[in-house]
Amino acid sequence: MFWNLSVWQYKWRKLAHVLAAQIAYVRFYLQIRVQKWRRPTDKFIGILLAEHLGDIVAAEPIIEALCSKFPSAKIVWIIKPAFRSILENHPKIELLVDEQSVLFSMYVTKKHPFDLFYNLHLGYLRSDPFFPGQFLKNTKAAEMGITKENYLHHFNLLEVVSQLADLGKLSGYPHIYLEKGVKNTLLQKPYWIIHRKSNAQMRDWQDSLWCRLIDQIIAENDVHVVEIGVIEPLAYQSSRFTSLVGKTSLYETLQIIRDAEYFIGVESGPAHIANAFRIPALILCGRFVNFDQYNVYSGAYQHDGLAQIVFNSKGTASELTFEDVYAQLPQKNLA
């Protein structure tokens with residue numbers, strides 16, 4: 001009896017999920033069609049890049065490039081609600097649309113209401129939880145031979161998405177726009193930031209080595225060290241160390257990174273944010289999946305020497321030694 005009830009509960013939830021995605025899609029489709037009817041001389045361009053945090057930040061330069069290519073462009077970006085803060089103050093985005101579900105995005109890719117539409121997700125990376133065997137596909141990426149198995153072999157993240165947006169291999173500096181006059185009231189300067197937990201464990205460094213590194217930072221620099229992130233705060237105690245893990249919104253985190261003196265972290269979303277704000281940085285990298293060597297960054301971290309990237313070409317970032325990382329640490333106060 002309980003098993004049958006669970007099956008029916010699942011079926012009802014799946015049906016509700018499908019209906020919600022269909023309703024959201026129809027509303028969205030009609031909304032854009034109405035806007036196009038009211039403004040027939042404008043070119044409505046849809047962008048689907050709902051996740052992840054670092055990918056969205058890295059892709060930001062395509063907005064300016066599309067607006068230059070199409071002077072009447074009105075950019076509509078489909079994004080997960082959790083990441084809206086990255087783009088919600090962008091002066092050249094006409095509309096941010098919340099991705100209701102991956103199923104919603106599948107409907108959009110099959111029939112969209114735009115003059116031009118660019119799906120910037122690689123194929124076979126995203127599936128809907130109620131349809132795990134069905135993946136969001138990208139026929140353009142497939143035609144170009146860009147897949148999840150090879151995309152970092154020759155390109156950084158911006159170069160990947162700009163090619164999918166018919167812009168060639170774009171070279172640009174990502175920007176993040178915050179509300180004018182907004183000040184970070186959470187922390188007093190100067191402070192350094194660490195970020196140690198990515199969305200892939202093989203990118204993370206050992207906690208014991210993070211503690212040793214913070215010891216050295218505090219001993220050698222007249223700064224406060226602040227940890228940011230979402231999960232698993234570091235077990236470290238010091239009057240000059242503050243953990244904000246799980247305690248700040250994304251918008252607050254943007255302000256905190258913007259005002260930092262220095263950033264140290266693994267390859268993840270916050271590192272891309274630091275790049276957008278041009279914060280000097282030390283980034284810990286290593287082999288990832290089937291990529292033995294790669295560079296995901298454009299802008300300041302690629303061209304201006306603003307970041308020291310410690311790359312373990314013989315193993316993952318978790319296998320970097322303390323000496324590997326400490327050798328690249330600034331040896332005196334940046335102030």
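Predicted model only: the values in this text are computed from it and were never measured. In this chain, residues are counted from 1 in sequence order.
Under the salt bridge (charged side-chain N to carboxylate O under 4.0 Å, His left out) criterion, the residue pairs touching residues 68-82 are Glu51-Lys80, with sequence neighbours excluded. Applying the salt bridge (charged side-chain N to carboxylate O under 4.0 Å, His left out) test to residues at least two apart or on different chains, the pairs with a partner in residues 109-119 are Lys36-Asp115. Residue pairs meeting the ring pair (Phe, Tyr, Trp, His ring centres under 6.0 Å) criterion with at least one member in residues 213-235, sequence neighbours excluded, do not occur. Residue pairs meeting the side-chain hydrogen bond (donor to acceptor under 3.5 Å, both in side chains) criterion with at least one partner in residues 53-64, sequence neighbours excluded, are Glu60-His90, Glu64-Lys92. The salt bridge (charged side-chain N to carboxylate O under 4.0 Å, His left out) pairs that include a residue from residues 223-246 are Arg196-Glu227, Lys197-Glu232, Asp222-Arg240, where partners are two or more places apart or lie in different chains.
With side-chain heavy atoms closer than 4.5 Å counting as contact, directly or through intermediates, the hydrophobic cluster containing Phe135 also holds Tyr124. Grouped by direct or indirect side-chain proximity (heavy atoms under 4.5 Å, Ile/Leu/Val/Met/Phe/Trp/Tyr only), Val34 sits alone.
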Steps toward side chain to side chain contact (heavy atoms under 4.5 Å, CB included) verdict (Thr109, Lys137): CA-CA 8 Å; Thr109 57; Lys137 298 178 182 179; over 6 Å; no
Working for side chain to side chain contact (heavy atoms under 4.5 Å, CB included), residues Val160 and Leu122: CA-CA 9 Å; Val160 172; Leu122 296 181; 4.3 Å; yes
Run the side chain to side chain contact (heavy atoms under 4.5 Å, CB included) check on Leu15 and Trp12 step by step: do they pass? CA-CA 5 Å; Leu15 177 60; Trp12 278 112; 3.7 Å; yes
Worked verdict on Tyr301 versus His272 for side chain to side chain contact (heavy atoms under 4.5 Å, CB included): CA-CA 9 Å; Tyr301 285 5; His272 288 273; over 6 Å; no
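In plain terms, the two heavy atoms of Ala58 and Pro61 that are nearest each other are O-CD, 3.3 Å. Here the closest non-hydrogen pair linking Ala235 and Cys211 is O-SG, 4.0 Å. Of all heavy-atom pairs spanning Ser268 and Ser198, the tightest one is CB-CB, 3.9 Å. In terms of heavy-atom proximity, Glu261 sits nearest to Pro190 at OE2-CB, 3.8 Å. Nearest heavy atom pair, residue Leu250 against residue Phe83, reads CD2-CA, 3.9 Å.
Inter-residue side-chain proximity for Tyr262 and Val223 is flagged as unmet; no heavy-atom pair is nearer than 4.5 Å. Using a 4.5 Å heavy-atom threshold, the side chains of Val161 and Leu170 count as separate. Looking at heavy atoms from C-beta onward, Pro270 lies in side-chain contact with Ile257 at the 4.5 angstrom threshold. Between Asn119 and Leu164 there is no side-chain heavy-atom pair separated by less than 4.5 Å. Taking 4.5 Å as the limit, every side-chain heavy atom of Leu158 sits out of range of all side-chain heavy atoms of Pro174. Leu254 is listed as a side-chain neighbour of Ile176, based on a closest heavy-atom distance under 4.5 Å. Within the 4.5 Å cutoff, the side chain of Asp204 has no heavy atoms near those of the Ser318 side chain. The shortest distance between side-chain heavy atoms of Lys140 and Asp166 falls below 4.5 Å.
Contacts of Trp205 classified as ring-ring contact (aromatic ring centres under 6.0 Å, His included), with partners at least two apart in sequence or in another chain: Trp210. The ring-ring contact (aromatic ring centres under 6.0 Å, His included) check on His17 picks up Phe130, with sequence neighbours excluded. Among residues two or more places apart in sequence or in another chain, the ring-ring contact (aromatic ring centres under 6.0 Å, His included) test is passed with Phe241 by Tyr236.
Within 6.0 Å of the CZ atom in Arg27, the count of heavy atoms belonging to other residues, nucleotides or ligands does not exceed 12. Open room surrounds NE2 on His154; 12 or fewer heavy atoms of other groups in view lie less than 6.0 Å from it. Environment of CD in Gln237: sparse, with no more than 12 heavy atoms of neighbouring residues, nucleotides or ligands closer than 6.0 Å.
Taken to the nearest 0.5 Å, the CG atom of Asn156 stands 5.0 Å off from the CD atom of Gln302. Separating the CD1 atom in Ile75 from the CG atom in Leu116 is a distance of 9.0 Å, to the nearest 0.5 Å. Residue Ile79 holds its CD1 atom at 8.5 Å from OG of Ser85, rounded to the nearest 0.5 Å. Atom CD1 in Ile217 sits 3.5 Å away from atom CD1 in Ile264 (nearest 0.5 Å). Between Asn138 atom CG and Leu125 atom CG the span is 10.0 Å, to the nearest 0.5 Å. How far CG of Leu167 is from CG of Leu66: 4.5 Å, rounded to the nearest 0.5 Å.
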Could you give the side-chain donor-acceptor pairs of residues 99-106 under 3.5 Å, partners two or more places apart or in another chain?
unit_1 : atom_1 : unit_2 : atom_2 : d
Glu99  : OE1    : Arg126 : NH2    : 2.8
Glu99  : OE2    : Ser105 : OG     : 2.6
Glu99  : OE2    : Arg126 : NH1    : 2.8
Glu99  : OE2    : Arg126 : NH2    : 3.3
Ser101 : OG     : Leu103 : N      : 3.4
Ser101 : OG     : Phe104 : N      : 3.2

Listing, residues 278-296 side-chain donor-acceptor contacts under 3.5 Å, not counting sequence neighbours, or none:
unit_1 : atom_1 : unit_2 : atom_2 : d
Arg287 : NE     : Ser313 : O      : 2.7
Arg287 : NH2    : Ser313 : O      : 3.0
Asn290 : ND2    : Glu149 : O      : 2.7
Tyr294 : OH     : Gly286 : O      : 2.8
Asn295 : OD1    : Tyr297 : N      : 3.2
Asn295 : ND2    : Tyr297 : O      : 3.1

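Val245 and Phe263 fall into different hydrophobic clusters, where Ile, Leu, Val, Met, Phe, Trp and Tyr residues are linked whenever their side-chain heavy atoms come under 4.5 Å apart, directly or through other members. Two different hydrophobic clusters hold Val230 and Ile193 under the rule that ILVMFWY side chains link at heavy-atom gaps under 4.5 Å. When hydrophobic clusters are built by joining Ile, Leu, Val, Met, Phe, Trp and Tyr residues whose side-chain heavy atoms come closer than 4.5 Å, directly or via intermediates, Leu244 is grouped together with Leu178. Clustering ILVMFWY residues whenever any of their side-chain heavy atoms sit less than 4.5 angstrom apart, transitively, puts Tyr29 in the very cluster that holds Leu95. Tyr107 and Phe131 fall within the same hydrophobic cluster, defined by Ile, Leu, Val, Met, Phe, Trp and Tyr side-chain heavy atoms under 4.5 Å apart, directly or through other members.
Although no hydrogens or angles enter the test, the distance criterion places a donor-acceptor pair under 3.5 Å between the side chain of His121 and the main chain of Ala50. Looking at Asn275, its side chain never comes within 3.5 Å of a backbone N or O of Gly299 through a donor-acceptor pair. Without hydrogens or angle criteria, Tyr191 side chain to Ile256 main chain gives a donor-acceptor distance under 3.5 Å. With hydrogens and angles ignored, the 3.5 Å screen pairs a side-chain donor or acceptor of Asn312 with a backbone N or O of Gly315. In this structure, the side chain of Glu319 engages the main chain of Thr316 through a donor-acceptor pair within 3.5 Å.
Using modelled atom types, one finds no donor on one side chain facing an acceptor on the other under 3.5 Å when comparing Glu159 with Ser162.
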